[in-house]
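Below: one structure, written as structure tokens.
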Amino acid sequence: MAPGIVAELPVLSELVPGASSLAQLTEEWDDTVRFYLNGTKVIVDSVDPEVTLLEYLRGIGLTGTKLGCAEGGCGACTVVVSHMNPTTRKLYHASVNACLAPLVSVDGKHVITVEGIGDVKNPHAVQQRIAVGNGSQCGFCTPGIVMSLYALLRNTPNPSEHEVEEAFDGNLCRCTGYRPILDAAHSFSARSNCGNAVANGGSGCCMEKQNGVGGGCCKSSSSAVDGENDVAVRFPAPKFIQYDPSTELIFPPTLTKHAFRPLVFGNKRKKWYRPVTLEQLLQIKSVNPSAKLIGGSTETQIEVKFKAMRYEASVYVGDIPELRQFSLHDDYLELGANVSLTDLESICDQALERYGPVKGQPFTSIKKQLRYFAGRQIRNVASPAGNLATASPISDLNPVFMATNTILIAKSLQQEIEIPVTQFFKGYRTTALPPDAIIASLRIPVAQEHGEYIRAYKQSKRKDDDIAIVNAALRVSLSLSNEVKSTNLVFGGMAPMTVAAKNAEAYLVGKKFTSPATLEGVMQELERDFDLKFGVPGGMATYRKSLAMGFFYRFYHDVLSKLEVKSTDIDQDVIDEIERSISTGQKDHEASAAYQQRIVGQATPHVSALKQATGEAQYTDDIPLQQNELYGCLVLSTKAHAKILGVDASAALDLPGVVDYVDHTDLPNPEANWWGAPKCDEQFFAVEKVNTAGQPIGMILAKTAKAAEDAARAVKVEYEELPAILTIEEAIDAESYFEHYRFIKDGNTVAAFEKADHIFTGVSRMGGQEHFYLETQACVAVPKPEDGEMEIWSGTQNPTETQTYVAQVTGVAANKIVSRVKRLGGGFGGKETRSVQLAGICAVAARKAKRPVRCMLNRDEDIVTSGQRHPFLCRWKVGVSKEGKLLALDADIFANGGHTQDLSGAVVERSLSHVDGVYKIPNVHVRGRVCKTNTVSNTAFRGFGGPQGLFFAESFISEIADHLDIPAEDLRALNMYKPGETTHFNQELKDWYVPLMYKQVLEESSYQERRQAVEEYNSRHKWSKRGMAIVPTKFGISFTALFLNQAGALVHIYHDGSVLVAHGGVEMGQGLHTKMTMIAAQALQIPQSDVFISETATNTVANTSATAASASSDLNGYAIFNACEQLNARLAPYREKMPDANMKQLAHAAYFDRVNLSAQGYYRTPDIGYVWGENKGQMFFYFTQGVTAAEVQIDTLTGDWTPLRADIKMDVGRSINPAVDYGQIEGAFVQGQGLFTTEESLWHRASGQIFTKGPGNYKIPGFRDIPQVFNVSLLKDVEWENLRTIQRSRGVGEPPLFMGSAVFFAIRDALKAARKQWGVHDVLRLVSPATPERIRVSCADPIIERARVTPQEGEKSFFVAI
């Protein structure tokens, strides 16, 4: 963590007087940690007490376990810890986040990592099935996903479909779109025919709810999601190896007899204590009340890593059996406070079995909240006591404990006291727990047999594994005449602590619950209880207020439905919440049948998939430690705009293990400090001024990563703050732009507007997007002893630019620098230019220290330094005929470039060329500017301005359709380009199949029938609405910078017939190396297994273009083909002489005839060369095309939503590898869905710093966010007469991303129905992303209207979207 990203906090635990007795207390305790690792006994008697399990594993060379976020939010670090569970007294295989787990927590347990269950030669069935099922692309997340599924199978060898999907709720993947992972995982499941079945975790399928009679099965109805529960065999069985549970790693027998001894170990800085009895724990708290108690470390490790907090005395309480017990009594459950939340789930099941559904209501509520509480890895280690003691204002469990009048039992050495949870929370993160006491147990009362009702609710940005925006637990006890005897209305997320709505509670007692006046009275009191101001900390004032009122409204009608009242008094529709079915999906596996060749056109797995699934694939930070290596940590600015008055690193340099401080003075000359492409306007090290928070000022070098982190925080930077510009609107007002300006003018817009029957204007806005590749920016710089040579291992999409700038900052020629990259753990454009910054700084440090330097940014550092997708704003004016034909478009497009230009100019250019969508607009004048702001420099991201331009086109189409009262589907079809027509940049559309695919998708998805079903559904439901949209796309393939459209390759044939290929493209999960080996194997007539690509390096292929623009297969594929053609020409005489010879024999014969068996290939894209301003020349080589239909369901009371179905069809030409292309389409679609829905970047207005830094606050889609029915197909049975690419394939990396917008426009469609419900017919301007907050506040019901919070004069929001 860079210094100052949060304020440095003091040491939290100074020993109290008499602390020497703590040493006396523990002087006989053991100091050795003993555990098993992958079946081998490990004894650790000297260990750094601050090391996590992940750091230990990677430190001993087990690098299969990855670091993705360091906060337990992504699952990349998942391992399995097998242990005898003291609660159940059974063996349990717990998936845990190794990045959070302290090493002390594995004493007496068996740790299993991805390396321990299989390797490439002998993989575990989980590893093999995920690999051959195309469930691994970049592979960085794969080991964690493998271990989550492995843990499930160890505990449940024959899991239900729901258990399979739930197993991944703590894992994220940015590449695959999740569908292939789920398909592979479901090959282990015991299938149920209905995803809503109780066995599958649903509320009961229709047949179960109706006891199998009446109403019939939902599958026989023409529901909007027909076929969503159909079970299909997803893979032919022979691909999968057999799973045999009897062959698993056994739990070491010695561990069944392991005697847990109290432990103490550490150093002057920190000590760990591990008591094994409650008495020992109480003694520790008695002599040192400030000792930090740690169970799962799910919050503490984040405090230590990201908030610089220090706990000198930490006490691990996870191995105290007395705190892990429970007992069911007649009228309450006695729950050990440190029972894991996973065990609490099964305890709730047992409680419900004993008490029944009525008395068991508290446990139903707890279980409901646990269902969406973090991920399984967190629930395996977190506890109720941790929830209570941390006193988080958004804890999901604490409201339930308060509402149920749970009693907390606190124990100290002197006494035992009972504290009602209603009196436990005193303020933000403060409680009534005495300093020397611990939470020993909880006494949770059962509900009354009659008249008591308890419900729990939660709303977050994403359904699974997300912190609450607002949650609630509501309880009411009624008399026989339905008067309220007592009530608890408890909310989280509405105040600095979990709070009761006191005014509403007081009002409700004594009232007739069934009276409508009671409901209105409570709503009024809730407005008083939660009178949030517009600028409230945490933001979302209107939304949070509406949720508090909405939860009560839902609760009120839920209770009414259980009472004997008139059905007309009950708003039945509001009671049900959205529930997902088990997700399914279909692909057309015959799409390439017509053009399959021996290798090309076949669907084969990613060549590295099995290595990735077994943890053997090497990423930058997995490179073994170099001799004398140092660790670097960046010193980053904490101000958005300020003068630097001074930098003092002296305190940092005095810390143990610190070697040096590096800054701009260590460069060969001042000019070497400037970098950027195409304009050098960014500094490696800030000198006199910082222009954004997160700008590098220097780098600390130390012997360990931890020492470097600590020292970086100790560097003192003195600032003089300057006014900052953050948003596009602020930049426009200040006229703060970069010089870059572009326009496209075609036809006469002025004349066209005069002739138009209608002119519509609008403003469309689209937020940015964090790349969130699972592998953050990383670099290892290795200086050589001669001639200033240096080897740079960088996680980059652009090895040549890396080489160029490393040469610049080290003062040598480019021929002395070798830039290498094996593979990336995701890139998406974020490592095209931004990786250069870290590589340059590491190179400067390595040159100065004359030692290798390694640096891998943590997630926070990566987000604040590496840039995002550009936020965009468009002011448009469109002229239309009365029939709906588009006549003219005039638009000003603005992008937030950040503090430097980076690639922003080219991004805006692409948005201008895509603002027509797929629609013929005869007269167009569009202009683009790049706004200069004091935010991180925004950069390339999959689509590169294309999605923004396409979004504006679909926005004005949608709004015009509403103005004209024409279905948007019809308006799209009416205005679609026809084959042979030209775009506004004068390019003819050849091989144009969007109209055909549009028709096919409408038919194949039964769109019109489902549209009718949606309208019927909406007419029957007031608070639940469905919406549909069908969205087409065209995406231009080529770099807009002409010189980049070239590539080189080098192909060697060796004596043994094996072939080594080198090319300029970087493998980052997109399957580039897979396709390249296929092309080479096909061309040379050899098996694909005989072709190998080792790495991408500047000393094998020089002057490469960045791997970007979806053009890498086209460019590098043809370069490889060119080299192979040369080799084939040389080998032709030998093939004639030896017609049956294999490559080994051919190569042998040619070598002895002194024939060159190496060839350099080259390719450059023909025909292209657009001239801006003149609007002449061909901009793109061709267009990749696609159409997607989507259907969603929204809960208009909360803003919750789910994608019911998506049908995607893409024209990728003749696919080189359909399996790879399907993976790209699914992954891009889900990434696009995230862009347009859940992924919202927010800045803290007061500090100018980005707030949404890690998975805790920034929400990419998870496993259960994908469409419930997810169908993908490729266009087939057409001719591509004009496509002159390698194998006539089309680029597929970027184009499908915009298809995710179909979900956004389906949400907008549902919102139209929601607003119409309340008589509002105004045209909706919906800003992207359509978060639950935006969905809710776009509704027009009486609850949201009374909840609206308007700013007072001068009042601004807490957060700002830039």
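FYI, side chains are in, hydrogens and waters are out, and symmetry mates aren't considered; it's all heavy atoms of this structure. Being a predicted model, the structure only gives us computed values, none of them experimental.
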Side-chain donor or acceptor of Glu1067 paired with backbone N/O of Leu1072 under 3.5 Å: yes
Here the pair of heavy atoms bringing Pro1255 nearest to Cys74 is CG-N, 4.4 Å
For the pair Tyr56 (side chain) and Pro102 (backbone), establish whether a donor and an acceptor sit closer than 3.5 Å, ignoring hydrogens and angles. no
Rounded distance (nearest 0.5 Å) linking atom CG of Leu645 with atom CD of Glu718: 5.0 Å
Quick check: does any side chain N or O of Gln808 sit under 3.5 Å from a backbone N or O of Ala672, one acting as donor and the other as acceptor? yes
For Ile644 and Val687, run side chain to side chain contact (heavy atoms under 4.5 Å, CB included): C-alpha distance rounded to whole Å, both residues' side-chain angles, the deciding distance at 0.1 Å, then the answer. CA-CA 7 Å; Ile644 297 175; Val687 181; over 6 Å; no
Roughly how far, to the nearest 0.5 Å, is NE2 of His899 from NZ of Lys689? 11.5 Å
Give a yes-or-no answer on whether the side chains of Ser1158 and His1052 include a donor-acceptor pair shorter than 3.5 Å. yes
Should we count NZ of Lys706 as having more than 12 external heavy atoms under 6.0 Å? yes
Checking Lys831 against Tyr773: charged group under 6.0 Å from the ring centre and within 45 degrees of the axis? yes
Assess the pair His771 and Phe941: is the distance between their ring centroids shorter than 6.0 Å? yes
Quick one: pull up CD in Gln137 and OG in Ser608 and give me the separation to the nearest 0.5 Å. 12.5 Å
With distance as the sole test, does Arg58 use its side chain to make a donor-acceptor pair with the main-chain N or O of Asp621 at under 3.5 Å? yes
Within the 3.5 Å criterion, strictly below it, is a donor on Thr900 or Glu682 matched to an acceptor on the partner's side chain? yes
Salt-bridge criterion met for Lys643 and Glu688 (N-O under 4.0 Å): no
Assess the side chains of Asp902 and Thr939: does a donor N or O sit below 3.5 Å from an acceptor N or O? yes
Nearest-0.5 Å distance that lies between atom OG1 in Thr52 and atom CG in Leu57: 8.0 Å
With a 3.5 Å distance limit and no angle check, can you tell me whether Glu616 reaches the backbone of Lys611 through a side-chain donor-acceptor pair? no
Just checking, is any N or O donor in the side chain of Ser650 or Asp648 under 3.5 Å from an acceptor N or O on the other one? yes
With a 3.5 Å cut-off and no angle check, do the side chains of His606 and His1073 form a donor-acceptor pair? no
Is it true that the side chains of Tyr1163 and Gln1046 contain a donor and an acceptor less than 3.5 Å apart? no
Scanning both residues in full, the closest heavy-atom pair of Cys842 with Val853 reads O-CB, 4.1 Å
Does a side-chain N-to-carboxylate-O contact under 4.0 Å join Lys66 and Asp622? yes
Donor-acceptor pair between Ser136 and Gln612 side chains, under 3.5 angstrom: yes
For the NZ atom on Lys716, are there more than 12 heavy atoms of other groups (residues, nucleotides or ligands in this structure) within a distance under 6.0 Å? no
How about Arg859 and Thr776: does a side-chain donor come under 3.5 Å of a side-chain acceptor? no
Is it the case that the side chains of Thr833 and Asn798 hold a donor-acceptor pair, with the cut-off being a distance below 3.5 Å and no angle test? no
Neighbour count above 12 (heavy atom, 6.0 Å) for Lys270 NZ: yes
Tested for side-chain contact (heavy atoms from CB on, under 4.5 Å) against Val809, the lone hit among Asn673, Asp666, Val844, Ile841 is Val844
Inspect the surroundings of CG in Asn1103 and state if more than 12 heavy atoms from other residues, nucleotides or ligands are less than 6.0 Å away. no
Let me know which of Asn1099, Thr1098, Val818 forms a side-chain contact (heavy atoms from CB on, under 4.5 Å) with Pro799. Thr1098
d(Glu115 CD, Leu62 CG) to nearest 0.5 Å is 4.5 Å
Could you tell me whether the side chain of Asp862 and the main chain of Leu857 form a donor-acceptor pair under 3.5 Å? no
Ion pair Arg269/Asp710, N-O distance below 4.0 Å: yes
Check the side chains of Thr1104 and Thr800 for a donor-acceptor pair under 3.5 angstrom, ignoring hydrogens and angles. yes
Quick one: do Arg854 and Glu629 make a salt bridge, cutoff under 4.0 Å? yes
If I take atom OG from residue Ser1094 and atom NZ from residue Lys822, how far apart are they, to the nearest 0.5 angstrom? 4.0 Å
For Ala693, is there any backbone N or O sitting under 3.5 Å from a side-chain donor or acceptor partner on Gln1249? no
